[in-house]
Undergrad: 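Before we start, here is the structure in question, set down as structure tokens.
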Protein chains: 2
Amino acid sequence: MTHITRKITRIPEGGAVREVLDRIGDKWSLLLIGTLRDGPMRFGELEQTVEGISQRMLTLTLKRLVEDGLVDRTAYAEVPPRVEYELTELGRTLLPMVISLAEWAMAHHEEINANRTSR
Amino acid sequence: MTHITRKITRIPEGGAVREVLDRIGDKWSLLLIGTLRDGPMRFGELEQTVEGISQRMLTLTLKRLVEDGLVDRTAYAEVPPRVEYELTELGRTLLPMVISLAEWAMAHHEEINANRTSR
DNA sequence: CAGGATCCGTGATGATACTG
DNA sequence: CAGTATCATCACGGATCCTG
């Protein structure tokens with residue numbers, strides 16, 4: 001852990017990282033994943049829980065998450081329609097990081113804000 | 001874990017999370033933070049390492065990271081100029097998550113790509 | 001209820017050229 | 001070398017209206 005020839009100066013396969021970041025690093029994906037951590041939720045439920053999200057963005061983001069295999073969509077043939085979304089196995093593997101990030105955010109956002117305004 | 005009134009259905013202080021996500025969840029911040037994990041680096045070094053980043057975006061992103069207190073900037077009064085960037089203490093607290101994310105990305109990006117194209 | 005379709009502003013990013 | 005300045009673009013995302 002000292003100065004022993006650090007060879008790994010860069011993240012290998014930075015392309016993959018950027019690729020994935022482009023998918024989950026957008027405005028709503030991580031928030032949705034975090035919101036889904038306790039189990040299935042309906043469309044409207046998500047819309048109310050993730051405050052600030054527009055119907056359009058909820059639709060689009062969910063669609064992409066489903067395409068990427070992070071979220072499962074289940075539509076029940078009922079009237080009125082009911083659609084539930086829940087994390088896939090793959091999606092669940094992201095949870096620890098999402099939760100860590102959320103906790104980090106809550107722990108440090110004030111500090112960051114303070115830094116910003118103090119210059 | 002059955003139906004016992006799950007109270008924590010949403011991330012508390014979602015505002016803070018979104019706030020922080022808006023700062024570090026952009027196109028380059030996490031990549032830069034990950035790149036700086038082994039110690040100080042010069043501007044040009046970063047430019048070459050983080051491939052694809054434009055000079056402009058490198059400048060802007062670094063500036064924001066410095067403002068937010070995640071990165072320190074040290075300019076040496078030399079000719080030619082030398083400027084080094086390195087993570088602050090606060091910035092270093094993000095490293096575990098960044099590294100986890102990078103590893104997750106590398107481990108799953110193929111799976112995600114496969115999912116995407118298989119629909 | 002759960003979306004689809006459309007219109008549109010604007011912020012983020014890239015390219016290029018210039019400078020202390 | 002390490003930036004600034006300027007211009008152009010384009011995807012992101014919001015608002016609104018419509019429908020199976």
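A, B, ... follow the sequence lines: proteins, then strands. Residue 1 opens every chain.
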Undergrad: Is a side-chain donor or acceptor of A/Thr35 paired with a backbone partner of A/Leu31 at a separation under 3.5 angstrom?
TA: yes
Undergrad: Please report the shortest heavy-atom distance between A/Val50 and A/Ile53, naming the atom on each side.
TA: O-CG2, 3.1 Å
Undergrad: Are side-chain heavy atoms of A/His109 and B/Arg23 found at a separation under 4.5 Å?
TA: no
Undergrad: What string of B, S and - do you get for nucleotides 14-20 of chain D, 5' to 3', if B is base contact, S is sugar-phosphate-only contact and - is no contact with any protein heavy atom under 4.0 Å?
TA: BB-B--B
Undergrad: First and last nucleotide of DNA chain C in contact with chain A, 5' to 3', at under 4.0 Å to a heavy atom: what are they?
TA: C/dC1 to C/dT6
Undergrad: Please report the C-alpha distance between B/Glu89 and B/Arg92 in whole Å, then the side-chain angles of each, then the deciding distance to 0.1 Å, and finally whether the salt bridge (Lys or Arg N to Asp or Glu O under 4.0 Å) criterion is met.
TA: CA-CA 5 Å; B/Glu89 263 305 304; B/Arg92 257 188 289 280; 3.4 Å; yes
Undergrad: In whole angstrom, what separates B/Leu60's CG from D/dA2's P?
TA: 17 Å
Undergrad: Using rotation axes that map the C1' atoms of four end pairs onto the next four (five pairs an end), what angle separates the end axes of the helix from C/dC1-D/dG20 to C/dG20-D/dC1, to 10°?
TA: 60°
Undergrad: Verify salt bridge (Lys or Arg N to Asp or Glu O under 4.0 Å) between A/Asp22 and B/Lys27, making sure each step is shown before the conclusion.
TA: CA-CA 7 Å; A/Asp22 283 349; B/Lys27 197 170 179 180; 5.8 Å; no
Undergrad: One pair to check against salt bridge (Lys or Arg N to Asp or Glu O under 4.0 Å): A/Glu84 and A/Arg42. What are the steps and the verdict?
TA: CA-CA 4 Å; A/Glu84 288 195 339; A/Arg42 303 185 54 168; 5.8 Å; no
Undergrad: Strictly distance-based, threshold 3.5 Å: is any side-chain N or O of B/Thr117 a donor or acceptor partner for the main-chain N or O of B/Ala114?
TA: yes
Undergrad: Looking at every strand, decide which applies to A/Tyr85 at a 4.0 Å heavy-atom threshold: base, sugar-phosphate, or nothing.
TA: sugar-phosphate
Undergrad: Treating A/Ser29 as the side-chain partner and A/Asp26 as the backbone partner, does any N or O pair qualify as donor plus acceptor under 3.5 Å?
TA: no
Undergrad: Ignoring hydrogens and angles, tell me if any N or O in the side chain of A/Thr88 forms a donor-acceptor pair with the backbone of A/Gly69 under 3.5 Å.
TA: yes
Undergrad: With no hydrogens and no angle check, is any side-chain donor or acceptor of A/Thr61 less than 3.5 Å from a backbone partner on A/Trp28?
TA: no
Undergrad: Can you check the B/Leu62 CG to D/dC1 P distance for me, whole Å?
TA: 17 Å
Undergrad: Pick one: which of A/Thr49, A/Val98, A/Leu62, A/Val71 meets side-chain contact (heavy atoms from CB on, under 4.5 Å) with A/Leu32?
TA: A/Leu62
Undergrad: Take atom CD of B/Glu78 and atom P of D/dC1, then tell me their distance rounded to the nearest Å.
TA: 13 Å
Undergrad: For B/Arg73, which contact category applies under a 4.0 Å heavy-atom criterion: base, sugar-phosphate, or nothing?
TA: sugar-phosphate
